[in-house]
Amino acid sequence: MGVTDVDDKIMQKANDVGQHPTELARHFEAAFFADLRRLNVQPPSAVTRVTEHMDEIRAFVEKIEENGLAYAVASGVYFDVAKFSQMDGMKYPKLREAVLSDDGESPKADGEKKSPRDFALWKTSKPGEISWESKWGPGRPGWHIECSAMTYSLFGEQLDIHSGGVDLCFPHHCNEIAQCEAHFLNGKEWVKLWLHAGHLHIDGRKMSKSLKNFITVRELFDEMYTGQPTAAAADDFRFFCLGQRYRSSCTFSSQRLEDAASLRHRFQRFFSLCSSHVEAADQIKWTRGSAELREMSDRCRDKVRRHLANDFDTVEAMKELSALASDTQKLLDARDGRRPCTSSVQAAADVVAETLVHSFGLHTGQDWLGQSESSATMSNALDAEEVLETLLKFRNDIRSKALESLKAAKKQAKKSDAGVKEAHEHTMSLAQQLLVLCDDARDAKLPELGVRLEDTADGRYRHIVEGKAPARLEEQEA
Ligand SMILES: [Zn+2]
């Protein structure tokens, strides 16, 4: 994920509030990632800041200039659209027809650009502005070039998927493509797949700062969900998003969020109904309803997969899950001997929960997937053997110290007078208490967890995790 931490808007705002532009950018970057966490969005594997990639960006611009597709003038370095378009196999813009609009990259001193279509790769700084040295004098990168240069530094000359809002299609993404093609000159498609997300509207208007028509994530959580668990708010917003195709624009309203919340409650009721049925195990007899439910679950799993493979059609996928949940409930209420057995109910709830949790990243369904899964995640995150070794070594160190102190105190106590003797006896008692705790861990606590531990005569220990290879300890002992 790329972070623009220097551009005209940041510099303007920093100037207005009397803050350093980088400091201001860091503040909003931190707020953005805090919002992602609230929304339960996984963090990106790599984050690239413009200010940390100046060398890569300068080199990228130099290469385009070297290839004859950029020119330097007093106000900066510009991409030569006309020259690029005349080259064999090159096209600009590539993603859609050009719309000549002010993209915020036009130079103030006009007449310098050869054509209004040319866009800035590097901008000469005015006195007092934040700047970086370059062969064209002090300046800063144009907005478009950062994405081309930073992704190149991480992924090389080709990307599988590039995403962004649909408003970035032109000019931003078209310029990114042109810059990369002008740099690599390799005749390959730079990006294999573009993924453009639709706009979020409020009351039918595009959510935008300039229209003062927006709700922040923080407001959503703090005002609309006061006192409620974060997981519920994150899930409701996610259910709302899953209810529309990512490509289409969607309208946010509190009514729609309420609809999402009632969908969440419906799934929660479904899981608790399945739970009580499975826990009670009141019917394990296979019935006609059991077979029906099995078939429905298998079909649902298939259909969900197919809908998601169809350009992430979450709308249809959610409909399938809702249908399976309500069909399960109907069968559980059936009075005609079709009531499904425990294992069929379990299978149906598994399909729903696995999709909600694993495919859609919701909290809803996590309880159902339950203990087994959360402990599996634990063991993924921790190396159980390493943790065990550390604890055993810790116990052994304490035991050795206790034995040492006990021995020393016993020796001293014999030849001491009453007052000092008492102090030594106190030490002895403390050491004995520690030894009892150590023995208790060896003889009771650890065996309960399946770990057999043996203290050896030389003050060391050996252990084995029972069940995994119980024979090995016997071998060692023999
Ligand atoms: Zn970009």
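Both counts, for ligands and for their atoms, begin at 1 and track the order of listing. The chain is numbered in sequence order, starting from 1.
Atom CZ of Arg395 is separated from atom CG of Asp397 by 10.5 Å, given to the nearest 0.5 angstrom.
Taking backbone and side chain together, Glu146 holds no N, O or S atom under 2.8 Å from the Zn ion (ligand 1). Within the 2.8 Å limit, His172 places at least one N, O or S atom next to the Zn ion (ligand 1). Among the backbone and side-chain atoms of Cys147, an N, O or S atom lies under 2.8 Å from the Zn ion (ligand 1).
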Kindly list each side-chain donor-acceptor pair under 3.5 angstrom involving residues 180-191, sequence neighbours excluded, with atom names and distances?
unit_1: Glu181; atom_1: OE2; unit_2: Lys94; atom_2: NZ; d: 2.6
unit_1: Asn186; atom_1: OD1; unit_2: Lys188; atom_2: N; d: 2.9
unit_1: Asn186; atom_1: ND2; unit_2: Glu157; atom_2: OE1; d: 2.8

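Annotation: cation-pi pair Lys114/Tyr78 absent, no NZ/CZ under 6.0 Å from the ring centroid and within 45° of its normal.
Side-chain rings of His173 and His196 approach one another, their centers coming within less than 6.0 Å.
No other N/O/S atom of Glu176 lies as close to the Zn ion (ligand 1) as OE2 does.
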